[in-house]
Amino acid sequence: MNRHETLISTTDFKEKLYFTVKEIALNLKNLIEKNFPVLWVEGEIANLRYSQNGNVYFNLIEEEASLKAMIFSSDKDQSIVPYLKNGLKVLCFGRLNFYLRSGDCYFIVRRIEPLGKGLLALKKEELIRKYKPLFDPNRKKALPLYPKKIAIITSLFGAALKDFLKISHNRWDLEILVYPVRVQGEGAEKEISQAVEDINLYFKDVEIIVITRGGGSFEDLAPFYTEEIILSIKDSKIPVVSAVGHEIDYTICDLIADKRCPTPTAAAEDVVPDKEEVFKRLEIYKKKYQQLLEIIISKREKQLYELKLTLENRNPFKIINNLEKQLKDYTHNLILRMEKFLSFKESRLTEIKNRLRKKHPQEKISLEEERLKFLKNRLKSALNNFLETKERKLESLQKLLDSLSPLNILQRGYSIVKSYPDGRIIKIAQDVSEGQFLEIYFSKGKVLVEVKKVET
Amino acid sequence: MIENNKDLNFEEALKRIEYILKQLENKDLDLETAIELYEEGLKLIYYCEQKLKNARTRVEVIIKEKEGFRLEEFEKAIEILKNGN
Amino acid sequence: MIENNKDLNFEEALKRIEYILKQLENKDLDLETAIELYEEGLKLIYYCEQKLKNARTRVEVIIKEKEGFRLEEFEKAIEILKNGN
Amino acid sequence: MIENNKDLNFEEALKRIEYILKQLENKDLDLETAIELYEEGLKLIYYCEQKLKNARTRVEVIIKEKEGFRLEEFEKAIEILKNGN
Amino acid sequence: MIENNKDLNFEEALKRIEYILKQLENKDLDLETAIELYEEGLKLIYYCEQKLKNARTRVEVIIKEKEGFRLEEFEKAIEILKNGN
Amino acid sequence: MIENNKDLNFEEALKRIEYILKQLENKDLDLETAIELYEEGLKLIYYCEQKLKNARTRVEVIIKEKEGFRLEEFEKAIEILKNGN
Amino acid sequence: MIENNKDLNFEEALKRIEYILKQLENKDLDLETAIELYEEGLKLIYYCEQKLKNARTRVEVIIKEKEGFRLEEFEKAIEILKNGN
């Protein structure tokens, strides 16, 4: 601002009607280049572009104002160019140059410094962008929890080492190798990278590498923002712990390392296990073991006891008792059924006996006796009838005979004369001789006569 | 005409009597014959009467016998019956 | 006509009696035969009466026996029955 | 008609009695047969009664035996039963 | 009917008893068979009772033994069981 | 049924006991089997009790041993454990 | 289960101890296994304790020479480097 004022005051306008282009251009060139031999300009980069010939062009702007700027390829500050980008606020060092032919005024930049974040931040951002895959948390190696050997890369005389050793002293059964390096200044990053490579190559039994240093200025920490650090840590087979710089700000080394600790003290606490803590843990484990085993055994004891009770409950006595009862029932039933069977048979026999009794032949005998009596009577009466019939018949025959008796004529007065004693019937007198006896039959009675005389 | 009447059984006797009665009904019958027939008839009738009387007596005897009967006797009787027949 | 009456059982005897009765009802029967039949009939009746009497006695005996019975006796009886039959 | 009754079991005896009862219902049955059947029936009934009496006695004996029983005796009994059967 | 009862296990014996009980409900069963069944039944029941008595004793012995038990004895027992089984 | 119980570990023994308990709940279980199972069960329980007792003793021994422990001894023990296992 | 414990580093030992703890948290763990694990665990814990009791840190400095590296005791190294530098 001060320099601007000076420029205006020294440029006195000469009274002239007109100027030629050349006059005014030369005048401007003179005015600008004379008044601003070298200067620092603060502004924001815009319209950044790279030309074929390697020159870099951009505008420096501030609100409405803009200044064309360029870096010649021969001049350009190689370390910064990669970090340039639109919108970046920078402080540029250089001189103003007016070009007659084009009438342009360019600020020829010799050096650029970022404003705000600073160069380290820029570098960090750029390196992060470049090696993005390497910062993937998944790539990070796990640290052995109980290392036997670790290596520390640090300055032998720094406070960091003192702090680290103080914490780790007899904290664990551990071998600590110190790899002394410079931790600041030109080329320190090369020593550190070399150390990482050496340890990887020659001390393979080292389990953790710790890179540490105390806090310092940006300049001091510059080695930890280098590509060398990234590449060596990336290639390390041994996990790397970084405890570099500020507690708040992470260096590139912090980011690429497998673990970052804010301070050397914290690193020691993190990397070196605490035997007291492990003792405590083991003590707890012991107690837990005891408790858990007790639970297991008690559970089994309880379980077994319950099984025992159940088994005793299910002893075969119950079955035996039931079976005995069943057998008693069987006995009872058997006797009962046999009794029933016998009773049935007895009642059946009684019934049959009664039936037989009813069939007693007595009845039949009586019946037959009756029948016989009847037959007897019939026989008697039959014979009687027979005889009576015969008698009656005989009687009638007799009567008939009587009625037909030749002697019936005697009733009428006839008589029958028979010779006597021979009884011949005398039908004619001739048959009679004198003196002969004759019997004369009358109807009633007869007489014996002697023939006196025969008349023929 | 009159055969051995002893051999004549009751029925034959009766038949003979009936025959005699038929003869006697003949008016032309010779008196002597008639008287002979008549007498024969009378005798046959008597004979039959006697037979009947005997029969009745025998029946009574049989009935009486039965009461004094024993099984042995019965069997004897059976024997007698068999042989007697 | 009368067969061996020992073989004659009760029923046959009765039948014979009935036969005799029928015969006797025939008026043309000869008197002697009638009497013989009568006698046979009576004897048969007697025979049957005896049989009935025996049966009665036997039945009474059976009932009495049964009360004093023992199994051994029973078996003897069975034996006797078998042989006796 | 009576078979070897020793071989006759109770049921067969009962059946025989029932058969006899049926026979006795036949009116035309001969008296002697009837009496014989009746007698056989009575004897069979007696036989059965004896069998039942024996059965009862045996049942009681078996129960008593059982009370004085030992396993050894049982096995002996089994032996006897097997042989005896 | 009684098979070799020595070989009869408890369950079979029970089944046999039940069978016998069922048989005895059959009114047509022959008396002699019934008595045989009855006797067999009672003997089987007795047999089973003995078995139960033995079982009871065995269980008691097992329970007593258990109290005086040692692991070695247990292993011996296992051996015996294995062989005995 | 009892396998080589020497090879039976605690858990298997418990399972076997549980199996036995389940079997013993079966109403149709044969008496002899029930007794055998019961005996086996009791023996298994005793076996398990012994195992538990042994376990407790062993735990105590382990704890005591630990007190007199040296690292070398530990490594010997490891050796023994490895071979013994 | 126990691997060659000689080769067992501290971390593995602790892991094994923790693994055993997790196993023991299973209440249904087999008894024999539980005791074995318990014993192993306790021995491992003891092993770790012994190891820790003797825990020391040794600090050495890597000194780069023309032909490789040399390890130097810390104090001495400081001396050397101070003077040499």
Problem set entry | A:Lys288/G:Glu18 salt bridge by N-O under 4.0 Å criterion | no
For this session: May I ask you to test the G:Asp28-A:Lys299 pair for a side-chain heavy-atom distance under 4.5 Å?
Result: yes
Seminar exercise, completed: Under 4.5 Å to a heavy atom of chain G? For A:Glu294 that would be neither
For this session: Measure the shortest side-chain to side-chain distance between G:Ile62 and A:Val178 over non-hydrogen atoms and say whether it is less than 4.5 angstrom.
Result: no
Problem set entry | Inter-residue atom distance A:Leu292.CG - G:Ile20.CD1, 0.5 Å rounding | 12.0 Å
For this session: State the CD-CD1 distance between G:Glu25 and A:Ile295, to the nearest 0.5 angstrom.
Result: 9.0 Å
Exercise. Measuring from A:Lys275:NZ to G:Lys53:NZ, what's the distance to the nearest 0.5 Å?
Worked result: 11.0 Å
Problem set entry | A:Lys149 atom NZ: more than 12 heavy-atom contacts under 6.0 Å | yes
For this session: Using a heavy-atom cutoff of under 4.5 Å, enumerate the residues of residues 166-174 of chain A that contact chain G, numbered in order, or state 'none'.
Result: A:Ser168, A:His169, A:Asn170, A:Arg171, A:Trp172, A:Asp173, A:Leu174
Seminar exercise, completed: Ranking G:Leu71, G:Ile63, G:Ile45 by heavy-atom pairs under 4.5 Å to chain A gives rank one to G:Ile45
Exercise. In terms of heavy-atom proximity below 4.5 Å to chain G, should A:Leu293 be classed as side chain, backbone, both, or neither?
Worked result: side chain
For this session: Report the distance from atom CG of A:Leu177 to atom CD of G:Glu72, rounding to the nearest 0.5 Å.
Result: 12.5 Å
For this session: Decide yes or no on side-chain contact (heavy atoms from CB on, under 4.5 Å) for A:Lys286 and G:Glu49, but give the supporting numbers first.
Result: CA-CA 11 Å; A:Lys286 254 192 269 178; G:Glu49 283 176 348; 2.9 Å; yes
Exercise. Nearest heavy-atom pair of G:Val61 and A:Pro180: which atoms, and what distance?
Worked result: CG1-CG, 3.5 Å
Exercise. Which heavy-atom pair separates A:Val278 from G:Leu52 by the least distance, and what is that distance?
Worked result: CG1-CD1, 3.4 Å
Exercise. Are G:Glu11 and A:Lys148 ion-paired here, with the side-chain N under 4.0 Å from a carboxylate O?
Worked result: no
For this session: Measure the shortest side-chain to side-chain distance between A:Tyr179 and G:Lys64 over non-hydrogen atoms and say whether it is less than 4.5 angstrom.
Result: yes
Exercise. Could you give the distance from CD1 (A:Ile296) to CG (G:Leu37), rounded to the nearest 0.5 Å?
Worked result: 8.5 Å
For this session: Please tell me if the side chains of G:Ile17 and A:Tyr289 come closer than 4.5 Å, counting only heavy atoms from C-beta onward.
Result: yes
Seminar exercise, completed: Among A:Val272, A:Asp198, A:Leu145, the residue with the most heavy-atom pairs under 4.5 Å to chain G is A:Asp198
Exercise. Quick one: are G:Leu14 and A:Arg281 in side-chain contact, heavy atoms under 4.5 Å?
Worked result: yes
Exercise. Under 30°, 30 to 60°, or over 60°: which ring-plane class applies to A:Tyr202 and G:Phe69, parallel, tilted or perpendicular?
Worked result: tilted
Exercise. Got a sec: does the CD of A:Glu186 have more than 12 other heavy atoms crowding it under 6.0 Å?
Worked result: no
Exercise. Under the 3.5 angstrom rule, does the side chain of A:Tyr285 hit a backbone N or O of G:Leu42 as a donor-acceptor pair?
Worked result: no
For this session: Kindly indicate, with the supporting measurements, whether the criterion side-chain contact (heavy atoms from CB on, under 4.5 Å) is fulfilled by A:Leu161 and G:Phe74.
Result: CA-CA 11 Å; A:Leu161 181 60; G:Phe74 184 64; 3.6 Å; yes
Problem set entry | Side chain, backbone, both or neither of A:Pro144 within contact of chain G (heavy atoms, under 4.5 Å) | both
Seminar exercise, completed: In terms of heavy-atom pairs under 4.5 Å with chain A, the winner among G:Asn54, G:Leu29, G:Ile35 is G:Leu29
For this session: Can you see which heavy atom on A:Gln290 is nearest to which on G:Tyr38, and at what distance?
Result: OE1-OH, 2.7 Å
Seminar exercise, completed: In this structure, CG of A:Leu165 is separated from OG1 of G:Thr57 (nearest 0.5 Å) by 8.0 Å
For this session: Counting only heavy atoms closer than 4.5 Å, note whether G:Asn26 contacts chain A via side chain, backbone, both or neither.
Result: backbone
Exercise. Would the number of heavy atoms belonging to other residues, nucleotides or ligands and lying under 6.0 Å from NZ of A:Lys140 be above 12?
Worked result: yes
